[in-house]
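Inspection log for the structure reproduced underneath, given as structure tokens.
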There are 2 protein chains.
Amino acid sequence: MTARTPADGSPHGVASVDGVAGRSSGREIPEATVARLPIYLRALTSLGERGIGTCSSEDLAAATGVNSAKLRKDLSYLGSYGTRGVGYDVDYLRYQIAREIGVTHDWPVVIVGIGNLGHALANYSGFRSRGFRVVALLDAAPERHREAVAGLEVRPFDDLEEIVAAETVAIGVIATPAVAAQDVTDRMVASGISSILNFAPTVLSVPDGVDVRKVDLSIELQILAYHEQRKAVPDIDDNPEQEVIA
Amino acid sequence: MTARTPADGSPHGVASVDGVAGRSSGREIPEATVARLPIYLRALTSLGERGIGTCSSEDLAAATGVNSAKLRKDLSYLGSYGTRGVGYDVDYLRYQIAREIGVTHDWPVVIVGIGNLGHALANYSGFRSRGFRVVALLDAAPERHREAVAGLEVRPFDDLEEIVAAETVAIGVIATPAVAAQDVTDRMVASGISSILNFAPTVLSVPDGVDVRKVDLSIELQILAYHEQRKAVPDIDDNPEQEVIA
DNA sequence: CTCGTTTTGTTCTTCTGTTCACAAACTCCT
DNA sequence: AGGAGTTTGTGAACAGAAGAACAAAACGAG
Ligand SMILES: NC(=O)c1ccc[n+]([C@@H]2O[C@H](COP(=O)([O-])OP(=O)(O)OC[C@H]3O[C@@H](n4cnc5c(N)ncnc54)[C@H](O)[C@@H]3O)[C@@H](O)[C@H]2O)c1
Ligand SMILES: NC(=O)c1ccc[n+]([C@@H]2O[C@H](COP(=O)([O-])OP(=O)(O)OC[C@H]3O[C@@H](n4cnc5c(N)ncnc54)[C@H](O)[C@@H]3O)[C@@H](O)[C@H]2O)c1
């Protein structure tokens, strides 16, 4: 039996109740907080590069566009890493967040589907600089295999199992057409991958214990369109010519 | 004064309380629901293409990976478009959702920053097929202007105002490096764009009334990494070699 | 050492979103 | 026509997240 990941946020099926007063490892970080930690991490890196050694929750909130109370609460899930009256040590906090997220070491990643989007991803330097190492580019089409993209050769999709085993890859990225995505997913899961980032506009079925996150451009645009329509037409139904300035 | 959009979901600053029992236009669709409507829309299109004329909330829930009660409640915000004992008419519901989102007509879109990612976006057919028409590709670098990408020429960024005015563009996509993103945003907003999809890993400041949504690959991967680390090491802190099967 | 200032960590309240459960509404069959 | 079987739409309970507010802790000035 397969468990579909919910369409929205929560990728996990973990029971969030631990009746034992959760002391052992102590941490039960809410999903919403987890989603913001990378934002703080990036802001702290930026502050650090600008030579700033200490910052208050207010500073960091301003840099990330987050409410400062929310930010402090988020950070409090990791521990007490601030100093009252002073703020947070930028480098120390950055390290603590990185450790919590698990990006103190590199994660090997495979990308499947080296078309338009796959090329862009392969060339994306932000991957590497944030703790992710692309170890292989895979594509089913033989004519792709002659190419080298971003210093890596494009390899046959059938090499997947071998590569995953050799590099203990846990994270896979899918940039194939939607029709192929479920097949690719099944092969990934069978080979041992347990986290998938999916760019294909389709719902993936995965067994329990496998996380899927999807990035869907059209959905983002449609959400914008919804709000845009609302702005333009406050009352009438289907007449988007009229521009109303509030 | 600028209002930062919250890091997470809600792009709007709308007051959600309307003490007057909200009858006039009747609709006050929750943000979480809005984010799912495009998913339903896609599933319905797919069902329609397969010749399926009617579907129950259970069917649609299975196709989209959403809880069926949640789905029914989502749809109930749009109106009563189902028939008890029968289900929903696929085409009719699809149209109603499309109308609610505002994709019964095309939205003109400009893409700024035609590098790796911009190329992929320009070539993406899913744009057009889902109600978004790319009217211009803009880039600051003169050497890009010789190119034609996906049947459109790459034009100088300074043409922005002219194009936005001529086509009444409301939606802009930013695929420039992070350092340029705020400048591009300011120009977009000044020219009349009021919805922005941002691929650059940076927080944008925009005035009230402008929506920003961001797509951030690294954040998605880091969220996956967090859960992955959790799976691998249930108790110890920093030793990701050990693989534990629950 | 004491006071005033700053800023964290946390509690409490409010809001938003999810899930359950069931009456109402519909179809089909006899 | 009536009853059995479906499936919607929604009220109510529950869960999770956000924001306001403040006590406790640190620091620096005097
Ligand atoms: N291009 C974009 O900007 C963009 C944006 C959002 C979403 N997407 C989605 O991303 C996916 C890829 O888009 P694209 O524009 O790069 O498409 P594309 O057609 O250019 O590339 C797809 C690649 O996948 C390969 N492929 C097909 N079946 C495969 C399989 N079974 N195993 C391995 N590889 C396989 C093809 O050979 C091709 O190289 C699509 O699902 C698309 O909807 C693309
Ligand atoms: N490539 C990816 O897969 C990927 C993934 C996630 C995020 N991103 C982000 O998307 C952005 C673009 O990535 P990329 O790989 O395409 O970068 P890129 O360097 O290939 O392309 C950037 C383009 O923007 C243009 N540009 C620079 N400044 C500009 C300005 N002020 N006005 C207009 N155009 C300008 C450049 O001329 C260049 O063509 C970056 O912020 C990157 O972090 C990229």
>> Given the structure, check if the side chain of B/Lys73 and the base of D/dG9 hold any donor-acceptor pair shorter than 3.5 Å.
In response: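 Answer is no: no donor-acceptor pair is held.
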Kindly say whether [Y] contributes a backbone atom to a donor-acceptor pair with the side chain of [X] at under 3.5 angstrom?
{"X": "B/Gln229", "Y": "A/Val103", "result": "no"}
{"X": "A/Gln182", "Y": "A/Ser205", "result": "yes"}
{"X": "A/Thr185", "Y": "A/Ala181", "result": "yes"}
{"X": "A/Asp59", "Y": "A/Ser56", "result": "yes"}

Figure out the [atom1]/[atom2] separation between [X] and [N], and round it to whole Å.
{"X": "B/Leu93", "N": "D/dG9", "atom1": "CG", "atom2": "C1'", "value": "14 Å"}
{"X": "B/Asp59", "N": "D/dT6", "atom1": "CG", "atom2": "C1'", "value": "12 Å"}
{"X": "A/Lys70", "N": "D/dA21", "atom1": "NZ", "atom2": "P", "value": "17 Å"}
{"X": "B/Glu31", "N": "C/dC15", "atom1": "CD", "atom2": "C1'", "value": "15 Å"}
{"X": "B/Arg84", "N": "D/dT8", "atom1": "CZ", "atom2": "C1'", "value": "5 Å"}
{"X": "B/Leu75", "N": "C/dG17", "atom1": "CG", "atom2": "C1'", "value": "16 Å"}
{"X": "B/Leu60", "N": "D/dG9", "atom1": "CG", "atom2": "P", "value": "12 Å"}
{"X": "B/Tyr81", "N": "D/dT8", "atom1": "OH", "atom2": "P", "value": "16 Å"}

> Counting side-chain heavy atoms from CB outward, which of C/dT19, C/dG9, C/dT18 is closest to A/Ser80?
Replying inline: C/dG9
> Out of B/Arg36, B/Arg213, B/Arg130, B/Arg42, which one pairs with A/Asp216 under the salt bridge (charged side-chain N to carboxylate O under 4.0 Å, His left out) rule?
Replying inline: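 Considering B/Arg36, B/Arg213, B/Arg130, B/Arg42, a salt bridge (charged side-chain N to carboxylate O under 4.0 Å, His left out) with A/Asp216 is found only for B/Arg42.
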> What bend angle does the helix from C/dC1-D/dG30 to C/dT30-D/dA1 show across its length, from five-pair end axes and to the nearest 10 degrees?
Replying inline: 0°
>> If I compare all heavy atoms of B/Pro201 with all of B/Ala178, which pair ends up nearest, and what's the gap?
In response: CD-CB, 4.0 Å
>> Looking at every heavy atom in both A/Val210 and A/Ile193, which two are closest together, and how far apart are they?
In response: CG2-O, 4.4 Å
> Given that A/Gly85 and A/Asp74 both sit by DNA chain D, which one's nearest nucleotide is further toward the 5' end?
Replying inline: A/Asp74
Look at the side-chain N and O atoms of [X] and state whether any lies under 4.0 Å from the OP1 or OP2 oxygen of [N].
{"X": "A/Tyr88", "N": "C/dT6", "result": "no"}
{"X": "A/Ser57", "N": "C/dT7", "result": "no"}
{"X": "A/Arg72", "N": "D/dC22", "result": "no"}
{"X": "A/Thr83", "N": "C/dT8", "result": "no"}

